[in-house]
Engineer: 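The following block contains the structure, expressed as C-alpha cells.
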There are 2 protein chains.
Amino acid sequence: MVETARNTRQRRAVGAILDDLDGFASAQEIHDILVRRGDKVGLSTVYRNLQYLVDAAEVDSLRGDDGEVLYRRCSAGHHHHLVCRDCGRTVEVEGPAVEKWADRVAAEHGFSDVAHTLEVFGTCSECGA
Amino acid sequence: MVETARNTRQRRAVGAILDDLDGFASAQEIHDILVRRGDKVGLSTVYRNLQYLVDAAEVDSLRGDDGEVLYRRCSAGHHHHLVCRDCGRTVEVEGPAVEKWADRVAAEHGFSDVAHTLEVFGTCSECGA
DNA sequence: TCTTTGATGAGAATCATTCCCATGAAGGTC
DNA sequence: GACCTTCATGGGAATGATTCTCATCAAAGA
Ligand SMILES: [Mn+2]
Ligand SMILES: [Mn+2]
Ligand SMILES: [Zn+2]
Ligand SMILES: [Zn+2]
C-alpha cells in the first residue's frame, strides 16, 4: 500500500477556503474564516495543512511587510505576484526579462545555484478609490 | 536649536560593526560580536540603532529565509542584492530593466503606489569550490 | 467490526522583536 | 566645571506568530 494523505474534514475545509480566496491570506485569517463559518478546526491544524500544501507546491507563500507568512493557491510553474497591500488581491505575473537579468548578474559575479525572490506590492484600483 | 541624534558610545559601536561587515547580519549576531569584543551594549539598543540607521537610509534590511531581519550598510540609491547563501557575501546590483518591468506590470493592472522586493541568492565562487 | 497509524487540537514552548520605565549621559548654557 | 534639559540606554516583561507536545480521535484498509 502506498502512503497517502488522509482526507480529513479539516483538510478539506482549509482547501475550500483557499479555493474561495482571491489573494494571499495568513494562517490566522484562514482560521478566523473557518471559525466564523462554524467549521471547527484547530489553529495548529491550519498551519499544518498549509505547510503540507506548500510542500506539495499547491500553494505559494510569501512574507508580508510585518513578517506574517501569507498563503495562496497558485498555478503551477515559476511566476511572481502583484499584490494589493490593502485587500490582498493578487495577480500572477511573468517576467522573462527579469529571469534573464537575474541569471546574467549572478553569472557575471561568479555565483552558481541561483534563485531569486521578487514580489511587487501596490494598491489595486478598487482600494485606490 | 535643531534636533540632532546624540553621538553615544553605543551608537558608534554598532556603526563600527556594520563598517567591518561584508554581508548581511542579524541584530542578534551584531549584538554577539559586540559582547565578544567586550563592548557593553544592550540588545534593545542594538535594535534601536539599527532601526535609526534603516530610517536614515544608511542601512538596508531584508528578511532571511527563517524570517530574521538582516542588516547591512549599503550605498545610497535604489539597488538590489546578490547574496551568497553560504557566507553572506553580498554584491549590490542594479537592474533598470527590472524597475521598468515592475512599474509597467503594475500599471497594466491598475495598481498604484508600487514598490517591489527583489533579491538574488546563490553560491559565490569561493564557496562553490 | 477491528486494527493500525497518521491527524487533530488545546495549551505550552519558542524566539525574534518591541515595549516599559527607572536611570544614565550627551550636549548646550552660564 | 557645574548644572539642566532631554534623549538614550538596558534589563526585564510583554507581544505575537509559529512550532511543539502528546493524549485522543478517526481515516482507511483488512
Ligand atoms: Mn522569476
Ligand atoms: Mn528595484
Ligand atoms: Zn486592493
Ligand atoms: Zn560565499
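All values below were derived from every heavy atom in this structure, side-chain atoms included, with hydrogens, water molecules and symmetry-related copies excluded. A note on names: the letters A, B, ... follow the listed sequences, proteins ahead of strands, and every chain is numbered from 1.
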Engineer: Taking the basic N atoms (NZ, or NE/NH1/NH2) and the acidic carboxylate oxygens, is any pair closer than 4.0 Å for A/Glu58 and A/Arg73?
Structural biologist: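 Result for this pair is yes, salt bridge flagged.
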
Engineer: Over all strands shown, is A/Asn49 touching base, sugar-phosphate only, or nothing at heavy-atom distances under 4.0 angstrom?
Structural biologist: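 Sugar-phosphate only.
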
Engineer: Under 4.5 Å between any side-chain heavy atoms of A/Trp101 and B/Val93, yes or no?
Structural biologist: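 Sidechains of B/Val93 and A/Trp101: in contact.
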
Engineer: Using only heavy-atom distances, determine whether the side chains of A/His116 and A/Asp103 contain a donor-acceptor pair under 3.5 Å.
Structural biologist: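 A/Asp103 and A/His116 do not have a side-chain donor-acceptor pair below 3.5 Å.
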
Engineer: Starting from C1' on C/dC19, measure out to CD on B/Gln51 and report it in whole angstrom.
Structural biologist: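 Value for this atom pair: 14 Å.
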
Engineer: Do the side chain of B/Arg6 and the base of C/dG27 come within less than 3.5 angstrom through a donor-acceptor pair of N or O atoms?
Structural biologist: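 Side chain to base: no pair present.
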
Engineer: Using whole Å, report how far NZ of A/Lys40 lies from C1' of D/dC25.
Structural biologist: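 From A/Lys40 NZ to D/dC25 C1': 16 Å.
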
Engineer: Return the value, rounded to whole Å, for the distance between atom NE2 of B/His31 and atom P of D/dG10.
Structural biologist: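 The answer, rounded to whole Å, is 8 Å.
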
Engineer: Starting at atom CZ of A/Arg11, determine the distance to atom P of D/dA26, rounded to an integer number of angstrom.
Structural biologist: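 It is 16 Å, rounded to the nearest whole Å.
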
Engineer: Taking atom P of C/dT8 as reference, at what distance in whole Å does atom CG of A/Leu34 sit?
Structural biologist: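 Rounded to the whole Å, the gap is 12 Å.
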
Engineer: Can you tell me how far apart SG (B/Cys124) and CZ (B/Arg85) are? Round to the nearest 0.5 Å.
Structural biologist: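 Separation between the atoms: 11.0 Å.
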
Engineer: In terms of side-chain heavy atoms, does B/Glu99 have a donor or acceptor partner in B/His78 at a distance below 3.5 Å?
Structural biologist: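 The answer is yes; a qualifying pair exists.
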
Engineer: Taking the side chain of A/Thr8 as heavy atoms from C-beta outward, which of D/dA28, D/dA8, C/dT8 is closest to it?
Structural biologist: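 Minimum distance to the A/Thr8 side chain belongs to C/dT8.
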
Engineer: Specify the separation, in whole Å, of atom CD1 of A/Ile30 and atom C1' of D/dA17.
Structural biologist: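 Atom CD1 in A/Ile30 sits about 14 Å away from atom C1' in D/dA17.
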
Engineer: D/dA8, OP1 or OP2 - any side-chain N/O from B/Gln10 closer than 4.0 Å?
Structural biologist: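 Indeed not, no polar side-chain atom of B/Gln10 lies that close.
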
Engineer: If only side-chain N and O atoms count, and only distance matters, is there a donor-acceptor pair under 3.5 Å linking B/Glu119 with B/His81?
Structural biologist: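 Yes, B/Glu119 and B/His81 have a side-chain donor paired with an acceptor closer than 3.5 Å.
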
Engineer: Tell me the bend of the helix from C/dT1-D/dA30 to C/dC30-D/dG1 as the angle between end helix axes, each from five pairs, rounded to the nearest 10 degrees.
Structural biologist: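 Axis angle across the helix from C/dT1-D/dA30 to C/dC30-D/dG1, nearest 10°: 30°.
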
Engineer: Side chain to side chain donor-acceptor pair (under 3.5 Å) for A/Arg48 and A/Thr45? Distances and angles first, verdict last.
Structural biologist: CA-CA 5 Å; A/Arg48 209 166 14 223; A/Thr45 299; 3.1 Å; yes

Engineer: I need the CZ-P distance between A/Arg9 and D/dA26, as an integer number of Å.
Structural biologist: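 Interatomic distance, CZ of A/Arg9 to P of D/dA26: 9 Å.
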
Engineer: How would you summarise protein contacts on nucleotides 10-17 of chain C per nucleotide, using B for base, S for sugar-phosphate only and - for none, with heavy-atom distances below 4.0 Å?
Structural biologist: BB----SB

Engineer: Just how far, in rounded Å, is C1' of D/dG16 from CG of A/Asp65?
Structural biologist: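 Between C1' of D/dG16 and CG of A/Asp65: 17 Å.
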
Engineer: A/Asn7 side chain N/O closer than 4.0 Å to the phosphate oxygens (OP1, OP2) of C/dA7?
Structural biologist: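 Result: no.
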
Engineer: Taking atom types as modelled and ignoring hydrogens, do the side chains of A/Asp55 and A/Gln51 form a donor-acceptor contact shorter than 3.5 angstrom?
Structural biologist: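 Their side chains do contain a donor-acceptor pair, which is all the 3.5 Å distance test asks for.
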
Engineer: Hey, are B/Asp20 and B/Arg37 close enough for a salt bridge, meaning a charged N less than 4.0 Å from a carboxylate O?
Structural biologist: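 Yes.
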
